[in-house]
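Structure first, then comments.
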Amino acid sequence: MRDKYELVDSIRSIPDYPKPGIIFRDITTLLGDPRAFRCAVDELVQPYVGMKIDKIAGIEARGFIIGGAIAHQLSAGFIPIRKKGKLPDKTVSMTYSLEYGEDEMEMHVDAIKPGEKVILVDDLIATGGTAEGAVKLLRQIGAELVSACFIIDLKDLPGRKKLEDMGVEVRSLVQFEGH
Ligand SMILES: O=P(O)(O)OC[C@H]1O[C@H](OP(=O)(O)OP(=O)(O)O)[C@H](O)[C@@H]1O
Ligand SMILES: Nc1ncnc2[nH]cnc12
């Protein structure tokens, strides 16, 4: 990977998916490109090296792919934040809205010990509704949220500001204009 332009070029944009007016930023092409995938994970990990991060919390489904790779690189544990009804033990849950709908997410109540240092990971932040719900859940069970990171930030949407207003540091690799 020579520079971040190659990372941008590895992301496929699909107009009017899943609804008219949305440009879907598809990371399957990035994931399928060995150099782009490695570059994205390495760039996301770099600021956290040496910070003794306990857990990476990844948001279903695309946050699992990126978050798992980051957790491995940082020798941290991995916590899945899942869509409703998928986790088998006692959970905490939160309803949230996103760019094209509404959903409910859950975590196991014992996924994190109070005070553990956690980074939230997803592929993309748009309205920030999903990440906001995840931050609330993580704090509810006592996590110390160190940062949130994304490959993509849709910068005309309020996601980044929403998290920063909650006192969360936000990092992203690629910024796109528009929806
Ligand atoms: O900032 P927001 O407006 O909340 O949108 C961002 C969320 O939308 C996408 O997930 P989606 O709900 O489509 O689920 P998927 O990963 O299972 O496809 C994306 O992976 C983020 O999780
Ligand atoms: N425009 C978009 N592309 C891909 N995933 C998204 N999640 C929310 N908005 C999105």
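All values reported here derive from a predicted model rather than from experimental measurement. Both ligands and their constituent atoms are indexed starting at 1 by order of listing. All values below were derived from every heavy atom in this structure, side-chain atoms included, with hydrogens, water molecules and symmetry-related copies excluded.
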With heavy-atom distances below 4.0 Å as the criterion, list the atoms of ligand 1 near [X].
| X | result |
| --- | --- |
| Asp122 | 20 (O), 21 (C), 22 (O) |
| Asp123 | 19 (C), 20 (O) |
| Lys83 | 12 (O), 14 (O), 15 (P), 17 (O) |
| Ala126 | 1 (O), 2 (P), 3 (O), 5 (O) |
| Glu60 | 16 (O), 17 (O) |

- Message: If I take atom CG from residue Leu30 and atom CD1 from residue Ile65, how far apart are they, to the nearest 0.5 angstrom?
- Response: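 Nearest 0.5 Å value for the CG-CD1 distance: 10.5 Å.
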- Separation of Ser172 OG from Asp123 CG (nearest 0.5 Å):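 Here the interatomic distance stands at 12.0 Å.
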- Query: Relative to ligand 1, is Thr130 under 4.0 angstrom through side chain, backbone, both or neither, heavy atoms considered?
  - Reply: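 The answer is both, backbone and side chain.
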- Query: Can you list the steps and then say if Ser93 with Glu104 is a side chain to side chain donor-acceptor pair (under 3.5 Å)?
  - Reply: CA-CA 7 Å; Ser93 71; Glu104 192 170 336; 3.3 Å; yes
Would a 4.5 Å heavy-atom cut-off, applied to side chains only, mark [X] and [Y] as touching?
| X | Y | value |
| --- | --- | --- |
| Ile112 | Val118 | yes |
| Ile66 | Phe150 | no |
| Val109 | Thr91 | no |

- Between the candidates Ala131, Gly133, Ala61, which shows the shortest non-hydrogen contact distance to atom 16 (O) of ligand 1?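 The nearest heavy atom belongs to Ala61.
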- On the ring face of Phe176, is Arg25 found with NZ or CZ under 6.0 Å from the centre and within 45° of the axis?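 So Arg25 does make the cation-pi contact.
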What's the shortest distance from [atom] to any protein heavy atom, and which residue and atom give it?
| atom | answer |
| --- | --- |
| atom 3 (N) of ligand 2 | Arg25 N, 2.9 Å |
| atom 13 (O) of ligand 1 | Tyr100 OH, 2.5 Å |
| atom 7 (N) of ligand 2 | Tyr100 OH, 3.3 Å |
| atom 10 (C) of ligand 2 | Glu99 OE1, 3.2 Å |
| atom 10 (O) of ligand 1 | Arg62 NH2, 3.5 Å |
| atom 3 (O) of ligand 1 | Thr127 OG1, 2.5 Å |

May I ask you to list the atoms of ligand 2 that are less than 4.0 angstrom from any heavy atom of [X]?
| X | value |
| --- | --- |
| Arg62 | 4 (C), 5 (N) |
| Ala126 | 8 (C), 9 (N) |
| Ile23 | 1 (N), 2 (C), 3 (N) |

Which bit of [X] is near ligand 2, meaning a heavy atom under 4.0 Å away: side chain, backbone, both or neither?
| X | result |
| --- | --- |
| Ile22 | side chain |
| Leu154 | side chain |
| Lys19 | neither |

- Task: Could you go through the side-chain contact (heavy atoms from CB on, under 4.5 Å) check for Lys90 and Asp110 one step at a time?
- Result: CA-CA 8 Å; Lys90 195 163 177 238; Asp110 61 357; over 6 Å; no
- Got a salt bridge between Glu60 and Lys83, using NZ or NE/NH1/NH2 to carboxylate O under 4.0 Å?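 No salt bridge links Glu60 with Lys83.
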- Taking only Lys NZ, Arg NE, NH1 and NH2, and the carboxylate oxygens of Asp or Glu, determine whether Glu164 and Lys162 approach each other closer than 4.0 Å.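 A salt bridge is absent here (no side-chain N lies under 4.0 Å from a carboxylate O).
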- Message: Lys117 vs Glu144, test: salt bridge (Lys or Arg N to Asp or Glu O under 4.0 Å). Steps then yes/no.
- Response: CA-CA 5 Å; Lys117 286 162 82 172; Glu144 186 200 321; 5.7 Å; no
- Message: Taking Lys113's backbone N and O only, do any of them form a donor-acceptor pair with Glu116's side chain (distance below 3.5 Å, no angle check)?
- Response: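 Such a contact is found between Glu116 side chain and Lys113 backbone.
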- Query: Which is it for Glu177 and Lys155 under the salt bridge (Lys or Arg N to Asp or Glu O under 4.0 Å) test, yes or no, and what are the steps along the way?
  - Reply: CA-CA 6 Å; Glu177 288 176 7; Lys155 66 186 178 70; 3.5 Å; yes
- Query: Taking both backbone and side-chain atoms of Leu124, is any N or O found less than 3.5 Å from an N or O belonging to ligand 1?
  - Reply: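 Between Leu124 and ligand 1, no N or O pair is found under 3.5 Å apart.
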- Query: Got an N/O contact under 3.5 Å between Leu98 and ligand 1?
  - Reply: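 N/O-N/O distance below 3.5 Å does not exist for this pair.
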